[in-house]
Amino acid sequence: GLITNWHVPGGPGVRMDSHVFSGYRVPPNYDSMIGKLITYGDTREQAIARMNIALSEMVVEGVHTNIPLHRELMVDARFVEGGTSIHYLEQKLSQRP
């Protein structure tokens, strides 16, 4: 699909790795990861807070993204608490209606 609007967040502890831009056409046979949003901080809580803000500022229009899923994960008590296993996401998705 065509990315009609693309705005990436920035600021301390926020990094976006991507090659796309507004007007970029995602090829039909593409790697599904068009970008990687990374946040970090002195504590887990700070990194999660920065990710919440970054996800709220991220704009990708024209194609579907998993931004809503990541916003949901950032407020999930099990994730925020930490110590989840590699099966966390699989279990979380299986519990969705």
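Since the structure is predicted, the reported quantities are computational estimates derived from the model, not experimental observations. The figures that follow rest on heavy atoms only: side chains count, while hydrogens, waters and symmetry mates do not.
- Residues Ile53 and Thr39 fail the side-chain proximity criterion, which asks for heavy atoms closer than 4.5 Å.
- Ile86 has its side chain out of reach of Tyr88: every pair of non-hydrogen atoms, C-beta onward, lies at least 4.5 Å apart.
- Inter-residue side-chain proximity for Asp76 and Lys92 is flagged as met; some heavy-atom pair is nearer than 4.5 Å.
- Of all the heavy atoms in His7 and Glu57, the pair that sits closest is CD2-O, 3.3 Å.
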_Trace of the side chain to side chain contact (heavy atoms under 4.5 Å, CB included) decision for Met33 with Ser18_ = CA-CA 9 Å; Met33 188 171 78; Ser18 185; over 6 Å; no
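- Nearest heavy-atom pair, Ile48 versus Val80, reported as atom, atom and distance to 0.1 Å: CD1-CA, 4.1 Å.
- Residue His19 places its NE2 atom among more than 12 non-hydrogen atoms of other residues, nucleotides or ligands, all under 6.0 Å distant.
- The two residues Ala54 and Pro9 come nearest to each other via the heavy atoms O-CG, 3.4 Å.
- Within the 4.5 Å cutoff, the side chain of Trp6 has heavy atoms near those of the Val20 side chain.
- Arg71 is not listed as a side-chain neighbour of Asn52, based on a closest heavy-atom distance of 4.5 Å or more.
- Residues satisfying the salt bridge (Lys or Arg N to Asp or Glu O under 4.0 Å) criterion with Arg44, sequence neighbours excluded, are absent altogether.
- None of Arg50, Met16, Arg15 except one satisfies the side-chain contact (heavy atoms from CB on, under 4.5 Å) rule with Ile38; the exception is Arg15.
- For the pair Thr4 and Val63, the minimum side-chain heavy-atom distance is 4.5 Å or more.
- With hydrogens and angles ignored, the 3.5 Å screen pairs no side-chain donor or acceptor of Thr84 with any backbone N or O of Phe79.
- Taking the side chain as every heavy atom from C-beta outward, Val14 and Tyr40 never approach each other to under 4.5 Å.
- No more than 12 heavy atoms of other residues, nucleotides or ligands shown are found within 6.0 angstrom of CG on Asp42.
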